[in-house]
Amino acid sequence: MKKRVAILGSTGSIGQNALCVIEALGPEYEVAALTAHSRYDLLAEQAERYQPAVIALTHPDFKPGYEAFSGGFSGSVLYGPDSLADIAVREDVDIVLCGVVGAAGLPAVLAAAGAGKRLAIANKEPLVIAGELLTRRAAENGAEILPIDSEHSAVFQALQAGRPQEVRRIVLTASGGPFLRSGRQEMEEATVEQALAHPTWRMGPKITVDSATMMNKALEVIEAQWLFGLPVDQIDVLIHPESIVHSMVEFVDGSVIAQLGTPDMKTPIQYALTYPERREGVAEGLKLEEMGRLTFEPPDLEQFRALALGYEAARQGGSAPVVLNAANEEAVAAFLEGKIRFGRIRELIEQTLETHTVREHLSLEALLETDGWARNRVRRLLELMETV
Ligand code: NDP
Ligand code: MG
């Protein structure tokens, strides 16, 4: 039987890798839907090549009738942010692969979970904001959530070596990003170009900046809490600059099971599509003999304060991770626009968290309200701050 895949965010780094994987998997996998936010020309190219039943442009500037699709594409075209959720529940979609960046993916992943789809999720922010709601909705509707984030894919694979009650802890590895060996002051003043120069992974700009602050690992700790139903005190982080050991699970008998591979997102994307089967992979095989050595060290929580903030927010739970994520999204956007220096990202998040009173077990409306509050708070702080 054909597996029909909707790729939300097909113009991004995850989206383009997903298309490569689907092409390599052959005719059993079919592209059912594609979406872009701003890169309409690339979406038009993808639509002509893969001929999905439907495509969508989510940026509000694009209106019905946008002419880029008049050429060799005969499917339907949707417009606006709601089209992601409309695609996620379609009958002709079996797998929803979410490669959208940020909180924007939340309505679509909730819709996919509600419709009982397989949700192959790279987009970690919705899990951070609404992990409780999303995992509950998936369980109630028989939806599977399969992680694409490489660390979580590694944990998911390693967990198959034992039973849930036999897990002592999981260890998420982190490359440490471009500032692992920088002094604290140098890191505070880093430019956009320096922050975007990730040593091992090629990714979109937001997650690349998150990797430089290590907020990415903070978000991943919270992501892991929900995906694997583990308390935060059983989730550790270890710096591993080579990015070969993608993460590990320690069982109660002391055995540690790790998943290794080259740093290539095609591997976890493929596994989320083919699970429980494994297929011939497109990613280059691992040659450990050429690697020399693999190294590990504990993270410096003073230098990478964002990681410490993530652990605090995870322990507080409730609305704290929502504020952490929203403040981070706004601060990173301001940094990428050249409005603030690198060190300000962490300061803005910290200042926003300080003024927030944590609330528990929130409805979707309350979560979104908190998200909006945190974004406004950062914008106000930005107005007050002297720039760059
Ligand atoms: P990119 O910036 O490369 O791509 C983002 C995609 O989302 C693009 O297709 C973009 O459209 C679309 N998009 C942007 N804003 C919106 C919006 N407001 N509404 C709808 N669609 C939008 O990001 P990545 O591919 O790097 O990351 C995607 C997600 O996957 C993130 O959550 C990230 O944390 C996670 N992830 C990524 C990894 C990677 O290797 N890249 C690894 C692990 C996780 P357009 O380009 O047309 O504007
Ligand atoms: Mg990751």
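The analysis underlying the following values was restricted to heavy atoms, covering all of them including side chains, and did not include hydrogens, waters or symmetry mates. In each ligand, atom 1 is the first atom listed, and ligand 1 is the first ligand listed.
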Give me the residue, atom name and distance of the protein heavy atom closest to atom 27 (O) of ligand 1.
Ile14 CG1, 4.1 Å

Could you state the interatomic distance from CG (Leu324) to CE (Met215), rounded to the nearest 0.5 Å?
4.0 Å

Look at atom 29 (C) of ligand 1 and say which protein heavy atom is nearest, naming residue and atom and giving the distance to 0.1 Å.
Val100 O, 3.3 Å

Atoms of ligand 1 under 4.0 Å from any heavy atom of Ser38, numbered from 1 in the order shown, are 45 (P), 47 (O), 48 (O)

Specify which N/O/S atom of Glu220 comes nearest to the Mg ion (ligand 2), by atom name.
OE2

Ligand 1 and Pro205, any nitrogen or oxygen pair closer than 3.5 angstrom?
no

Asn123 to ligand 1: N or O pair under 3.5 Å?
yes

Do ligand 1 and Ser13 have nitrogen or oxygen atoms that lie under 3.5 Å from each other?
yes

For atom 20 (C) of ligand 1, what is the closest protein heavy atom, and at what distance to 0.1 Å?
Thr58 OG1, 3.2 Å

Flag Glu125 as yes when one of its N or O atoms lies below 3.5 Å from any N or O atom of ligand 1, and as no otherwise.
yes

Which N/O/S atom belongs to Asp149 and is the closest one to the Mg ion (ligand 2)?
OD1

Over 60° means perpendicular and under 30° means parallel, so tell me whether Phe335 and Phe342 are parallel, tilted or perpendicular.
perpendicular

Heavy-atom distance to atom 5 (C) of ligand 1: which of Gly9, Gly204, Gly99 wins?
Gly99

Atom CG of Asp371 and atom CG of Asn325: how far apart are they, to the nearest 0.5 Å?
7.0 Å

Atom of Glu151 closest to the Mg ion (ligand 2), considering N, O or S atoms
OE1

Around atom 42 (C) of ligand 1, find the nearest protein heavy atom and jot down its residue, atom name and distance.
Met265 CE, 3.6 Å

Ranked by distance from atom 35 (C) of ligand 1, the top protein heavy atom is Ala122 O, 3.1 Å

Could you grab the distance from atom CD of Gln259 to atom CD1 of Ile244, nearest 0.5 Å is fine?
10.5 Å

I need the nearest protein heavy-atom contact for atom 19 (N) of ligand 1: residue, atom name and distance, please.
His37 ND1, 3.4 Å

Does Val256 belong to the same Ile/Leu/Val/Met/Phe/Trp/Tyr cluster as Leu172, with side-chain heavy atoms less than 4.5 Å apart forming each link?
no

Number the atoms of ligand 1 from 1 as they appear, then name those within less than 4.0 Å of a heavy atom of Ala104, with their elements.
17 (C), 18 (N), 19 (N)

Could you measure the distance from the CG atom of Leu367 to the CG atom of Leu106? Nearest 0.5 Å is fine.
8.0 Å

Is it true that the side chains of Glu23 and Tyr50 contain a donor and an acceptor less than 3.5 Å apart?
yes

Within 6.0 angstrom of Glu166 CD, more than 12 heavy atoms from elsewhere:
yes

Are Phe228 and Phe156 an aromatic pair, judged by ring center distance below 6.0 Å?
no

Rounding to 0.5 Å, atoms NE2 (His240) and OG1 (Thr173) come to a distance of 6.0 Å

Decide if atom CZ of Arg202 counts as having more than 12 heavy atoms of other residues, nucleotides or ligands within a radius under 6.0 Å.
yes

Going from NZ on Lys287 to OG1 on Thr262, what distance comes out if it is rounded to the nearest 0.5 angstrom?
9.0 Å

Per-atom contacts, ligand 1 versus Arg39 - under 4.0 Å to a heavy atom
45 (P), 46 (O), 47 (O), 48 (O)

Tell me, please: is Pro81 in heavy-atom contact with ligand 1, that is, under 4.0 Å?
no

Which residue supplies the protein heavy atom nearest to atom 36 (N) of ligand 1, what is that atom called, and how far is it?
Ile207 CD1, 3.6 Å

So if I count the atoms of ligand 1 from 1 in the order they appear, which ones are less than 4.0 Å from some heavy atom of Ala36?
47 (O)

Considering only the protein, which heavy-atom contact is closest to atom 34 (O) of ligand 1, and what is its distance?
Lys124 CE, 3.2 Å

Less than 4.0 Å between a side-chain N and a carboxylate O, is that true for Asp233 and Arg315?
yes

